[in-house]
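Beneath this line is the structure, given in structure tokens, with notes to follow.
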Amino acid sequence: MSNENVNKQKVLDLALKGNEIANPQDIVKDPYVFEFLGLPEDKPMMESDLEEALVRQIEKFLLELGKGFMFVGTQQRVTFGNVHYYVDMVFYNKILKSYVLIELKTIKLMPEAVGQLNMYLNYYAAEVNEEDDNPPIGLILCTDKGNVDMQYALGGLNNNIFASKYVTYMPDKEQLIAQVEAVLTANSKEHK
């Protein structure tokens, strides 16, 4: 079957079955579009401002996240010894039966964010999960995840950690066409 026929079959399957969720990577989008927050396009912001804006618009944020998400809370404390850390946002996905821990970064993805989230996931697996829960899932939402070294930071971990870019506005028509063409080109190279 040619690449074109494979892609057509994937589109047909999606149209007939809808978005199926079977694995942690099935719930992760890239990029997430936070246009509903009404944030300025090119103005720097703090992580706490982004978190506050998302919580104010939690219903729209849940819709952007996808199917099966339930909001648990923000700034969920994780304590090791006498040191407290705080997970930015915690959700539970009832389809996957997993906690989803989200770290917000208003900068590009850095390796230390991966280590921090990995620590939180290990804590949740050991201290928070119930017997019938699946392992927790980590998601780092950042302004740029295009670093080549991130494949090394995210590789080899036992936990499911994903990085997704977020944008605060929809790209204009030309940018959107360029992004779609880039994805199609990358997919056609993968299947050759």
Side-chain angles (χ1 to χ4, degrees), residues 19 21-39 44-80 83-130 133-147 150-151 153-170:
N19 185 16
I21 298 175
N23 301 302
Q25 59 267 28
D26 295 338
I27 66 166
V28 177
K29 295 167 58 175
D30 190 29
Y32 287 90
V33 180
F34 296 158
E35 188 172 38
F36 59 87
L37 296 177
L39 298 171
M45 72 179 114
M46 296 179 60
E47 289 174 20
S48 59
D49 295 336
L50 177 59
E51 180 182 307
E52 183 181 320
L54 289 170
V55 169
R56 274 194 316 255
Q57 298 286 339
I58 196 69
E59 183 178 358
K60 292 176 183 173
F61 184 43
L62 286 168
L63 289 172
E64 180 64 17
L65 283 174
K67 289 170 128 178
F69 281 92
M70 297 182 290
F71 181 60
V72 174
T74 62
Q75 298 302 308
Q76 298 294 293
R77 188 170 73 186
V78 172
T79 303
F80 298 101
V83 179
H84 303 300
Y85 300 91
Y86 296 89
V87 183
D88 289 336
M89 301 184 89
V90 177
F91 294 85
Y92 189 83
N93 188 283
K94 66 182 184 177
I95 297 168
L96 292 175
K97 295 185 178 179
S98 295
Y99 283 97
V100 179
L101 283 58
I102 297 179
E103 275 301 298
L104 302 171
K105 300 297 174 197
T106 55
I107 57 172
K108 68 180 183 175
L109 182 60
M110 302 296 282
E112 51 270 18
V114 176
Q116 177 185 15
L117 186 54
N118 193 50
M119 176 179 70
Y120 297 159
L121 292 172
N122 288 329
Y123 177 87
Y124 264 72
E127 304 295 333
V128 178
N129 270 15
E130 300 288 334
D133 286 335
N134 289 314
I137 300 163
L139 176 59
I140 302 169
L141 294 177
C142 52
T143 58
D144 181 15
K145 66 175 192 114
N147 302 343
M150 285 305 104
Q151 66 184 329
L154 292 169
L157 295 173
N158 291 331
N159 290 316
N160 285 306
I161 298 179
F162 303 94
S164 288
K165 180 179 176 178
Y166 69 84
V167 294
T168 57
Y169 63 95
M170 284 295 289

Quiz item: Do the side chain of Gln116 and the main chain of Val114 share a donor and acceptor less than 3.5 angstrom apart?
Solution: no
Self-check item: Separation of Leu96 CG from Asp133 CG (nearest 0.5 Å)
Solution: 11.5 Å
Quiz item: With sequence neighbours excluded, what pairs up with Glu127 under the side-chain contact (heavy atoms from CB on, under 4.5 Å) test?
Solution: Tyr123
Quiz item: Can you find a heavy atom in the side chain of Leu141 that is under 4.5 Å from one in the side chain of Glu103?
Solution: no
Quiz item: Would you say Tyr124 and Gln76 make side-chain contact, with heavy atoms under 4.5 Å?
Solution: yes
Quiz prompt | Exercise: identify the closest heavy-atom pair between Val72 and Tyr92 | solution = CG2-N, 3.9 Å
Exercise. State, to 0.1 Å, how close Phe69 and Val100 come at their nearest heavy-atom pair, and which atoms those are.
Key: CE2-CG2, 3.8 Å
Self-check item: Pairwise distance CG(Leu101) to CZ(Phe91) - rounded to 0.5 angstrom
Solution: 10.5 Å
Exercise. Write out all pairs satisfying salt bridge (Lys or Arg N to Asp or Glu O under 4.0 Å) with one or both partners inside residues 85-100, taking only residues at least two apart or from two chains.
Key: none
Quiz item: Out of curiosity, Ile140 CD1 to Ile102 CD1, how far, rounded to the nearest 0.5 Å?
Solution: 11.0 Å
Quiz item: For the atom pair OH (Tyr85) and CE (Met119), what is the distance rounded to the nearest 0.5 Å?
Solution: 5.0 Å
Exercise. Using modelled atom types only, decide if a donor and an acceptor are shared between the side chain of Ser98 and the backbone of Pro135 within a distance under 3.5 Å.
Key: yes
Practice problem: Enter the distance from Ile137:CD1 to Leu117:CG here, rounded to the nearest 0.5 Å. | Solution: 11.0 Å
Quiz item: Between the side chain of Asn122 and the main-chain N/O of Asn118, is any donor-acceptor distance below 3.5 Å?
Solution: yes
